[in-house]
Student: 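Okay, handing you the structure first.
Both ligands and their constituent atoms are indexed starting at 1 by order of listing.
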Amino acid sequence: MVLADLGSKITSALTKLSTTTVIDEAVLDSVLKDIKNALFHADVNMMLVAKMSKNVKKAVNIKELASGINKRKVIKKAVFDELKKMLESERPPFEPKKGQPNVIMFVGLQGSGKTTTIAKYARWYQRKGWKPCMVCADTFRAGAYEQLKQNAVRIRVPFFGDPYEADPVAVAKEGVELFKRDKFDIIIVDTSGRHKQESALFDEMQSVRDAVKPDNIVFVLDSTIGAAAIDQAKAFRETVDVGSVIITKLDGHAKGGGALSAVAATQSPIIFLGTGEHFEDFDKFEARSFVRRLLGMGDVQGLVEELKGTGMLDNQPEMMKRLQKGIFTLRDMYAQFQAVMKLGPLNRVMSMIPGLPQGLIPKGGEQEGQNRIRKMMYMMDSMTDDELDGHVELDPHSTRARRIAQGSGTTWMEVSQLLKYQKQMAKMVGKMGKNMPNMMTNDNAFSKQMARNPNAVMQQLQKTMDPAMLRQMGGMGNMMKMMKEMGKNGEMQKMMSKMMGR
Ligand code: GDP
Ligand code: MG
């Protein structure tokens, strides 16, 4: 990934501080020169780069620094703060409100990635428990309705459109009214673009806006234009009230940093980044988290944020109590799977864990792992309550197991494998439960502690695990790596125990 290049260039510039014994103004200047170079290469506007460098020097004030002070630390912090400032907007981004329809209109040039991004956006909110839907008001581009429909079907989100209607205002109005009546809370309106900024596009945008009265207008911008993004962002903002920006195609080009900083400079809050053609290639944007990840510092805050609403933190106390008692039924397994699925791609989550390289899990393998989990959930969907709760013992060789396979479209072998996993895990949980720290059973304590002192939590987790087992798994670091193996047979329970131990 190209932005990662920028990150590693800045990081290696900063390592000069650790390899030099005496840090004086000349060293600081040389470090800043390297950082400026890296930013230039990412197409960040010269003025912004110069400002950043000047601010770092001012904040560090190296000549006046008392001798006892850790200069390396002061410089690193100043660089971090300035990079963060460069990407921040003073205007807070729009947040949808629960219990009411939030109409969100997407605008942008043709090919910027609106329709793709809408699907990513809908899916993101769907995972967080919202009820999203889509309206296709792009009557300009041939096949626009089909494209939106296909995406909507794939992520199982209701959609509205009319391939025979030529008036975007009529479709937009009808769709939004329909979904409002049906109590959807995230109503996304896809609009048409043009190849360049032209009055026909801007007129149409304004008419659709007047018809649907959106709560937020999201401007979608293709990052490959780099620093030129500033003019486009300004033009759209002057035409409609752009409340937030999503920047796409950050996977392909060296100019991503330029687009990001340019947009931030127009004081439009960036809310998400598109990093690929798949629906999962989507990251919530927050300047602090972004810079931390860029510099390989991990992003525990982002991780906690990501875990929120998935049930992994919320239901923890009760789950932990059960685990402490050594109880782990099929239903518990189901709940854990559900949480894993809601988390989305592990790759994304993993990049937030401090010290872990990005791209640890190959994209293909991950999909396979998810499919496996989904299949197991189908099997459990075909079971009775008594079977799920362990009141009735399920014999892997019984005709009942065969019927579950039939009911879930899987094979007898797969069902018996699932039952084997659950038994293995129940055994492991029985052993681990005794060592579960209290911290994890207290309400909310986990997420608070995680935000306050992640390292302490990591250490605590290591204690939680059976040391012999941890050794067997090759230690904490290796355990993470093992997640990539989850697609393979037999590795599943190891991955799950990681989830338990967390
Ligand atoms: P629209 O005209 O604004 O609706 O744009 P589309 O959603 O149709 O996207 C145009 C093209 O850009 C499609 O081929 C998408 O697959 C691609 N695209 C969208 N977002 C991204 C992204 O984040 N990364 C990459 N590499 N391609 C993207
Ligand atoms: Mg489109």
Side-chain angles (χ1 to χ4, degrees), residues 1-5 104-124 132-155 157 159-163 165-166 168 171-172 175 188-198 200-202 204-205 208 217-226 229 232-233 235-236 239-240 242 244-260 263 270-285 290 344-345 347-348 351 358-359 363:
M1 202 180 127
V2 183
L3 270 176
D5 287 352
I104 297 146
M105 176 175 157
F106 276 59
V107 299
L109 291 187
Q110 184 160 319
S112 60
K114 286 182 299 302
T115 308
T116 312
T117 304
I118 280 170
K120 294 176 178 181
Y121 185 88
R123 197 171 150 89
W124 195 89
C133 60
M134 308 173 184
V135 177
C136 177
D138 181 356
T139 55
F140 179 78
R141 189 183 195 170
Y145 170 75
E146 275 305 315
Q147 188 194 358
L148 180 129
K149 179 177 154 184
Q150 271 174 19
N151 289 346
V153 169
R154 268 176 64 199
I155 60 170
V157 160
F159 63 97
F160 178 86
D162 180 352
E165 174 61 69
V171 194
I188 309 168
V189 182
D190 190 9
T191 63
S192 72
R194 299 291 189 275
H195 285 301
K196 53 182 175 47
Q197 299 158 36
E198 55 184 69
L201 168 62
F202 287 163
E204 186 177 315
M205 245 162 53
V208 174
I217 297 180
V218 177
F219 168 53
V220 178
L221 176 106
D222 179 338
S223 69
T224 57
I225 64 168
Q232 214 188 94
F236 274 85
T239 313
V240 290
V242 170
S244 32
V245 182
I246 298 181
I247 298 187
T248 63
K249 308 188 194 178
L250 278 165
D251 46 317
H253 273 258
K255 293 182 169 181
L260 279 170
V263 169
I270 301 166
I271 50 171
F272 287 100
L273 306 180
T275 56
E277 295 187 53
H278 298 285
F279 296 151
E280 282 76 23
D281 304 328
F282 199 50
D283 290 319
K284 194 159 172 55
F285 181 83
F290 182 83
N347 219 358
R348 228 185 58 234
S351 70
Q358 279 190 23
K363 269 181 191 162

Student: Counting from 1, what ligand 1 atoms have a heavy atom of Q147 closer than 4.0 Å?
Tutor: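 The list of qualifying atoms is 6 (P), 7 (O), 8 (O).
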Student: Give the atoms of ligand 1, by number and element, whose distance to some non-hydrogen atom of Q110 is under 4.0 Å.
Tutor: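 In order of numbering, the contacting atoms are 2 (O).
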Student: Within ligand 1, which atoms have a heavy atom of G276 less than 4.0 Å away?
Tutor: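 Selected atoms, number and element: 21 (C), 22 (C), 23 (O), 24 (N), 25 (C).
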Student: So if I count the atoms of ligand 1 from 1 in the order they appear, which ones are less than 4.0 Å from some heavy atom of G274?
Tutor: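 It comes down to these atoms of ligand 1: 23 (O).
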Student: Assess G108 for proximity to ligand 1: is some non-hydrogen atom of it under 4.0 Å away?
Tutor: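 It does not, in that no heavy atom of G108 comes within the 4.0 Å cut-off of ligand 1.
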Student: Please confirm whether the backbone N or O of S112 pairs with a side-chain atom of T248, one donor and one acceptor, at under 3.5 Å?
Tutor: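 Pair found, side chain donor or acceptor close to backbone of S112.
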Student: Taking S223 for its side chain and K249 for its backbone only, find out whether a donor-acceptor pair lies under 3.5 Å.
Tutor: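 Side chain of S223 to backbone of K249, a donor-acceptor pair under 3.5 Å: yes, one is there.
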Student: Which of parallel (below 30°), tilted (30 to 60°) and perpendicular (above 60°) describes F202 and F236?
Tutor: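 If you compare the ring of F202 with that of F236, the planes turn out perpendicular.
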Student: Using a 4.0 Å heavy-atom threshold (strictly under), name the region of T275 that reaches ligand 1: side chain, backbone, both or neither.
Tutor: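 Just the backbone.
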Student: Output yes when a side-chain donor or acceptor of D138 lies under 3.5 Å from a complementary backbone atom of F140, and no otherwise.
Tutor: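 Indeed, once roles are kept as given, a pair shorter than 3.5 Å links the two residues.
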Student: Report, in ascending order of atom number, the atoms of ligand 1 lying under 4.0 Å from any heavy atom of L109.
Tutor: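 In order of numbering, the contacting atoms are 3 (O).
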Student: Between I155 and M134, does a side-chain contact (heavy atoms from CB on, under 4.5 Å) hold up when you go through it step by step?
Tutor: CA-CA 11 Å; I155 60 170; M134 308 173 184; 3.7 Å; yes
Student: Closer than 2.8 Å to the Mg ion (ligand 2): how many protein N, O or S atoms are there?
Tutor: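 If we list every protein N, O or S atom nearer than 2.8 Å to the Mg ion (ligand 2), we get 1.
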Student: Answer yes or no on whether K284 is positioned over the face of F272, meaning its NZ or CZ is under 6.0 Å from the six-membered ring centre and within 45° of the axis.
Tutor: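 K284 over F272 ring: yes.
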Student: Closer than 4.0 Å to some heavy atom of K120 - which atoms of ligand 1 meet that?
Tutor: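 Checking each atom against K120, I get 23 (O).
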Student: Relative to ligand 1, is D251 under 4.0 angstrom through side chain, backbone, both or neither, heavy atoms considered?
Tutor: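 The answer is the side chain.
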Student: Treating K114 as the side-chain partner and D190 as the backbone partner, does any N or O pair qualify as donor plus acceptor under 3.5 Å?
Tutor: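 Looks like no, no N/O pair under 3.5 Å.
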